[in-house]
Amino acid sequence: MKKVYLDYAATTPTDPEVIAAMEPYFFEKFGNASSLHAYGQEAKKALEDSRQTLADFIGVKPEEIVFTSGGTESDNSALLGVVYDLEKKGNHIITSAIEHHAISEPANFLEKKGFKVTYLGVDKDGLVSVEDLKKAITDKTILISVMHANNEIGTLEPIAQLGKLARNKGIYFHTDAVQTVGHIPVNVDELNVDLLSLSAHKFYGPKGVGALYIRKGTRLETFLRGGDQERGRRASTHNITGIVGLACAIELCKNKMEDEIKFQSALRDKLIKEIPARIPEVRLNGHPTQRLPNSVNFSIKYIEGESMLLSLDMLGIACSTGSACTSSSLEPSHVLLAIGLDHETAHGSLRITLGRWTRQSDIDYLLEKLPLVVQKLRAMSPLYPVKENHQ
Ligand code: PLP
């Protein structure tokens with residue numbers, strides 16, 4: 001059976017070149033980067049070279065990078081770290097209604113602890129408005145966190161404008177760039193952000209490693225207490241293999257990005273054109289143009305996303321109904337509800353995300369099979385208005 005992976009926003013395969021770069025650090029070069037002997041110094045060099053590679057890629061200084069265990073840790077640390085440090089200054093944070101759970105859950109936690117949290121709504125395309133942010137800021141606001149691109153619908157948020165507003169008001173701004181780093185150019189200065197999260201497994205690096213950019217001078221409570229790794233910001237022996245893999249993955253993305261954007265956005269646009277042409281009553285979710293080059297999300301009326309997913313899986317096609325982290329829940333996606341879909345429509349959503357190994361033939365296979373799957377499921381659906389039912 002043909003196998004087609006179209007769930008790159010959930011995770012990406014580790015590029016074989018990344019695996020080759022990591023390999024020596026498991027055995028030959030296994031040292032602890034905090035050790036003073038030659039083994040340690042070899043690991044330390046790999047650590048600092050990797051930090052430089054990442055720093056150059058996002059346009060920052062190496063000392064502004066803290067390596068973490070991934071996007072969730074970076075997001076939690078940014079939110080909780082700033083809030084714990086600045087709680088005497090204010091008790092209000094602002095975020096959006098469509099953040100990943102790695103932001104919305106710590107925000108909910110802070111709310112339970114007595115902080116005030118404003119969740120900015122979005123328009124029908126998933127965009128946060130600068131005007132809404134302006135209105136939400138108070139003299140107690142200490143942090144604003146809005147994601148760079150949404151993981152479910154692919155909309156790119158106007159971070160540069162939102163960040164500029166925050167900077168003019170003297171408020172820290174964090175962005176979750178887990179879905180953008182490695183896929184589109186990300187330059188911290190152009191985005192006007194003070195904190196930025198990223199995760200290697202979303203750009204062909206290994207799982208369990210990521211980073212948080214922290215602009216020099218930003219006040220932030222220590223994430224993990226223990227040793228003095230990462231300038232005392234985050235204790236624990238460095239995951240050198242993972243960090244070397246992250247840096248190698250970044251290098252590959254730098255070299256391939258322009259071609260990948262061109263190729264993937266052409267396939268994405270083919271899906272945007274062909275799916276509604278082949279299947280009636282389909283809605284594209286997310287902004288029509290201001291979106292990630294590798295991501296589409298459709299609501300397909302009268303069927304359940306899960307049934308569609310399983311039927312496609314039986315044909316060898318892997319897609320998603322939304323975020324992988326919530327796909328086991330039967331609640332409709334908070335993102336789709338936030339853009340104004342009703343529960344029923346939100347339940348019938350399909351996210352298709354492309355990547356380095358997606359080929360034209362994979363898209364053609366999906367375009368051939370999806371209408372058949374939808375037709376079959378609609379025929380079984382009590383919700384589908386079959387003509388005879390109305391006679
Ligand atoms: N933020 C976004 C937007 C994501 O898509 C994800 C993963 O799906 C995360 C954060 C969490 O990242 P990680 O899996 O590296 O913890």
Side-chain angles (χ1 to χ4, degrees), residues 5-14 18 54 65-81 95-109 119 122 126-128 145-157 159 174-184 186 191 193 195-213 223-224 234 236 239 242-243 245-246 249-250 253 285-286 291-297 318-329 333-336 338 349 351-355:
Y5 184 76
L6 294 170
D7 200 13
Y8 280 82
T11 196
T12 59
T14 309
V18 171
L54 176 58
I65 301 278
V66 171
F67 287 112
T68 65
S69 64
T72 302
E73 183 187 327
S74 298
D75 282 350
N76 272 248
S77 304
L79 222 66
L80 302 176
T95 184
S96 86
I98 60 165
E99 297 298 308
H100 188 272
H101 288 99
I103 286 291
S104 61
E105 282 302 316
N108 293 342
F109 168 77
Y119 298 90
V122 292
L127 286 175
V128 170
S145 179
V146 177
M147 69 203 314
H148 193 193
N150 183 267
N151 49 301
E152 292 187 38
I153 57 175
T155 297
L156 289 165
E157 297 297 339
I159 298 302
H174 166 258
T175 193
D176 173 342
V178 166
Q179 290 291 341
T180 51
V181 170
H183 295 275
I184 58 171
V186 172
L191 292 176
V193 300
L195 299 134
L196 179 143
S197 304
L198 58 98
S199 177
H201 77 100
K202 305 290 187 178
F203 53 84
Y204 316 105
K207 293 172 184 55
V209 60
L212 178 64
Y213 155 74
F223 320 169
L224 287 180
R234 188 209 188 251
S236 183
N239 169 10
I243 291 169
L246 181 153
I250 281 288
C253 288
N285 296 316
R291 62 186 307 128
L292 284 168
N294 68 330
S295 168
V296 288
N297 183 313
C319 297
S320 160
T321 53
S323 157
C325 318
T326 50
S327 51
S328 56
S329 130
S333 140
H334 65 292
V335 177
L336 297 179
S349 81
R351 180 184 74 177
I352 304 160
T353 48
L354 326 176

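One-based numbering, in listed order, for ligands and for the atoms of each. Excluded from the calculations below are hydrogen atoms, water molecules and symmetry mates; all remaining heavy atoms, backbone and side chain alike, are included.
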Query raised in the report: Asn297 pairs by side-chain hydrogen bond (donor to acceptor under 3.5 Å, both in side chains) with which of Thr321, Thr155, Asn285?
Result: Asn285
Query - Numbered atoms and elements of ligand 1 in range of Gly71, under 4.0 angstrom, heavy atoms - result: 12 (O), 13 (P), 15 (O), 16 (O)
Query raised in the report: Near Asp75, which atoms of ligand 1 are under 4.0 Å from a heavy atom of that residue?
Result: 1 (N), 10 (C)
Query raised in the report: Going by atom types only, do His201 and Thr11 share a side-chain donor-acceptor pair under 3.5 Å?
Result: yes
Report task. Grab the two heavy atoms, one from Ser320 and one from Asp7, that are nearest each other, plus how far apart they are. Result -> CB-OD1, 3.3 Å
Report task. Give a yes/no on ligand 1: does Glu73 have at least one heavy atom closer than 4.0 angstrom to it? Result -> no
Query raised in the report: Only one of Lys202, His148, Glu157 forms a side-chain hydrogen bond (donor to acceptor under 3.5 Å, both in side chains) with Thr180, so which one is it?
Result: His148
Query raised in the report: Taking heavy atoms and a distance under 4.0 Å, where does His201 meet ligand 1: side chain, backbone, both or neither?
Result: side chain
Query raised in the report: Under 4.5 Å between any side-chain heavy atoms of Leu196 and Val181, yes or no?
Result: yes
Query raised in the report: Counting from 1, what ligand 1 atoms have a heavy atom of Met147 closer than 4.0 Å?
Result: 3 (C)
Query raised in the report: Counting each atom of ligand 1 from 1 as listed, which ones have a heavy atom of Thr72 under 4.0 Å away?
Result: 11 (C), 12 (O), 13 (P), 16 (O)
Query raised in the report: Do Asn151 and Thr353 have side-chain heavy atoms sitting under 4.5 Å apart?
Result: no
Requested in this report: Could you list the atoms of ligand 1 found under 4.0 angstrom from a heavy atom of Gly70?
Outcome: 15 (O)
